[in-house]
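Comments concern the structure below.
Values in this document were obtained by computation on a predicted structure and should not be read as measured data.
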Amino acid sequence: MLFISNIMIWKTNPAARRAWRSLMLRLNSATAGLSSGPGSWDRSDGHSCVSAEKPPHMPVMLKEVLHYLDIQAAQVVLDMTFGGGGHTKALLNTVPEVTVLALDRDPTAISLAQQLAKEHSGRVKPLLGRFSELEGLLSNMNIKSGSIDAVLLDAGSSSMQMDQAERGFSLSKDGPLDMRMDGERYPDMPCAADVVNTLDQQALASILTAYGEERHARKIASAIVEARRVNPITRTQQLASVVAGAFPPSVLYARKDRLQRRAHIATKTFQALRIFVNDELNELHKGLCVAQSALKPGGRLCVITFHSLEDRLVKRFLQGHDLSNLDRYHFSQNKQCSRKKKLVDENSECNKSSYWFPVKRKVVSPEKDDVRENPRGRSAKLRIALRR
């Protein structure tokens, strides 16, 4: 079964390591049964994972990104998360003769990048792949290390993915429980339905705790296991209903987001599954490593994150922490507290990174007007650094 290794995340959370190994073993031994056996589920659910529809796209923190990237004429920019193309389009329209290398792991996004490349001949270079594949893609284009002027990395899922019900990312839109950012590029890659229908209760709880920071992980995992004994969980709203069923009605929307809007009780469950399925934290670290290698001295890196797990990883990386040994670090807020003294002792050295100079020592957050126009960007955090 094809999958990019989860080694770094495994070191961070041994329970997640056991969960993934268990999932691989069960899926490998039951491949034939998944398509025809009793109790099996159809992963595609009759929908294509790649849609030709072009939903409206509003790039997050566009004004801030353009300001801090500070692109000059004829420079080369690496957009590591092309998505709907909002940031790239703004760069093309505001900076003459800029060249944008447009990377995305999502075939739907790359189809948009290819169309944009036709409209701006020679100025857009679409690259289909994950962060972990980027080094090879750049090498194939004869782009040498230390030759890129600026890098933008907009982490997490895109609005385009969330808006397409058939992709299975959104709990508010019913669709197959998929969540694979790569679409059908890797048909054997487990989707979210594989995870919730295959792993045992303890493994599910460990995933919800590690990647969703979900306080009620055990209760939710128990509800999932009980529900799938009756019918496989194959739809997004089916899973949302299962999670909601574990709580009294008064609790379903008790949580609030940063705009003080009510958030569904299953929101963190969906986040955790998405991160686990797509190996997001591991990929993010690999992407940062490639950016570090690709940027020329004085080149700028802008990273936008949307939840605390991503932001803590980016912060440590830019401070110079050695994240190749992630068992020393925990990106969960709960784990951070127990290691606070150790991290404080290390900070004086780690803040003096030999690779990065912080342009802003604190994160940049969206302005209130921007959040009102684009509520999905309410939790965005922008970090900016110069390559030494």
task: Mind running salt bridge (charged side-chain N to carboxylate O under 4.0 Å, His left out) on Arg185 and Glu133 for me, showing each step along the way?
output: CA-CA 13 Å; Arg185 284 185 66 214; Glu133 299 168 325; 3.5 Å; yes
query: Angle class for the His285/Phe317 ring planes (parallel below 30°, perpendicular above 60°, tilted otherwise)?
result: perpendicular
Write down the atom of [X], the atom of [Y], and the distance for their closest heavy-atom approach.
{"X": "Met160", "Y": "Thr108", "value": "SD-CG2, 3.9 Å"}
{"X": "Gly129", "Y": "Leu103", "value": "O-CD1, 3.4 Å"}
{"X": "Ala385", "Y": "Leu318", "value": "CB-CD2, 4.1 Å"}
{"X": "Ala113", "Y": "Val124", "value": "O-CG1, 4.0 Å"}
{"X": "Ile71", "Y": "Val95", "value": "CG2-CG1, 3.8 Å"}
{"X": "Ala102", "Y": "Ile110", "value": "O-CD1, 3.9 Å"}

Within a strict 4.5 Å, meaning less than it, do heavy atoms of the [X] and [Y] side chains meet?
{"X": "Lys173", "Y": "Thr236", "value": "no"}
{"X": "Phe270", "Y": "His264", "value": "no"}
{"X": "Gln75", "Y": "Thr99", "value": "no"}
{"X": "Lys315", "Y": "His321", "value": "no"}
{"X": "His307", "Y": "Ile275", "value": "yes"}
{"X": "Leu152", "Y": "Met80", "value": "no"}
{"X": "Asn278", "Y": "Glu283", "value": "no"}
{"X": "Leu273", "Y": "Leu239", "value": "yes"}

Does [X] use its side chain to pair, donor to acceptor, with the backbone of [Y] at less than 3.5 Å?
{"X": "Thr94", "Y": "Ala90", "value": "yes"}
{"X": "Ser293", "Y": "Val290", "value": "no"}
{"X": "Ser170", "Y": "Ser172", "value": "yes"}
{"X": "Gln202", "Y": "Asp200", "value": "no"}
{"X": "Thr209", "Y": "Ala205", "value": "yes"}
{"X": "Arg180", "Y": "Ala192", "value": "no"}
{"X": "Arg387", "Y": "Pro297", "value": "no"}
{"X": "Gln238", "Y": "Pro232", "value": "yes"}
{"X": "Thr267", "Y": "Ala263", "value": "no"}

- request: Run the ring-centre check on His216 versus Phe247 and record whether the distance is less than 6.0 Å.
  value: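 Aromatic pair counts; centres sit under 6.0 Å.
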First locate atom [atom1] of [X], then atom [atom2] of [Y], and finally report the distance between them rounded to the nearest 0.5 Å.
{"X": "Glu166", "Y": "Gln161", "atom1": "CD", "atom2": "CD", "answer": "11.5 Å"}
{"X": "Leu116", "Y": "Phe82", "atom1": "CG", "atom2": "CZ", "answer": "5.0 Å"}
{"X": "Asn374", "Y": "Ser159", "atom1": "CG", "atom2": "OG", "answer": "6.0 Å"}
{"X": "Thr234", "Y": "Asn197", "atom1": "OG1", "atom2": "CG", "answer": "7.5 Å"}
{"X": "Lys286", "Y": "Leu288", "atom1": "NZ", "atom2": "CG", "answer": "12.5 Å"}
{"X": "Leu171", "Y": "Ile265", "atom1": "CG", "atom2": "CD1", "answer": "11.0 Å"}

task: Apply side-chain contact (heavy atoms from CB on, under 4.5 Å) to the pair His87 and Leu62, showing each step before the final yes or no.
output: CA-CA 6 Å; His87 291 110; Leu62 179 59; 3.8 Å; yes
message: Check for me, please, whether Val363 and Val314 land in the same ILVMFWY cluster - side-chain distances under 4.5 Å, paths through other members count.
response: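 Hydrophobic grouping puts Val363 apart from Val314.
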- prompt: Hey, quick one: are Leu134 and Leu128 part of the same hydrophobic cluster, counting side-chain heavy atoms closer than 4.5 Å, chains of contacts allowed?
  reply: no
- prompt: Do the side-chain N and O atoms of Glu213 and Ser308 include a donor-acceptor pair separated by under 3.5 angstrom?
  reply: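 Yes, because at least one side-chain N or O of Glu213 sits under 3.5 Å from a partner of the opposite role on Ser308.
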task: Classify the side-chain pair Asn282/Glu280 by whether it contains a donor and acceptor separated by less than 3.5 Å.
output: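 Result is no, nothing qualifies.
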- request: Give a yes or no on this: more than 12 heavy atoms of other residues, nucleotides or ligands lie within 6.0 Å of atom CD of Glu135.
  value: no
More than 12 heavy atoms of other groups within 6.0 Å of Arg123 CZ: yes
task: With sequence neighbours excluded, tell me which residues meet salt bridge (charged side-chain N to carboxylate O under 4.0 Å, His left out) with Lys144.
output: none
- request: Run the numbers on Gln271 and Glu214 for side-chain contact (heavy atoms from CB on, under 4.5 Å), then give the verdict.
  value: CA-CA 10 Å; Gln271 172 187 303; Glu214 174 57 70; over 6 Å; no
query: Are Lys360 and Tyr68 close enough, and set up right, to give a side-chain contact (heavy atoms from CB on, under 4.5 Å), and what steps lead you there?
result: CA-CA 10 Å; Lys360 297 278 288 185; Tyr68 287 111; 3.6 Å; yes
The single option from Val100, Leu91, Val65 passing side-chain contact (heavy atoms from CB on, under 4.5 Å) against Asp79: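 When Val100, Leu91, Val65 are each tested with Asp79, the side-chain contact (heavy atoms from CB on, under 4.5 Å) holds only for Val100.
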task: Please step through salt bridge (charged side-chain N to carboxylate O under 4.0 Å, His left out) for the pair Asp104 and Arg130, ending with a clear verdict.
output: CA-CA 7 Å; Asp104 208 289; Arg130 302 172 176 179; over 6 Å; no
message: Under a 4.0 Å threshold between the charged nitrogen and the carboxylate oxygen, would Asp370 count as salt-bridged to Lys63?
response: no
Carboxylate-amine/guanidinium contact Arg300 Asp149, below 4.0 Å: no
field: salt bridge (charged side-chain N to carboxylate O under 4.0 Å, His left out) partner of Arg167, chosen from Asp182, Asp106, Asp178
entry: Asp106
field: Arg376 vs Asp163, side-chain contact (heavy atoms from CB on, under 4.5 Å): CA-CA, chis, key distance, verdict
entry: CA-CA 12 Å; Arg376 284 181 176 171; Asp163 288 337; 2.6 Å; yes
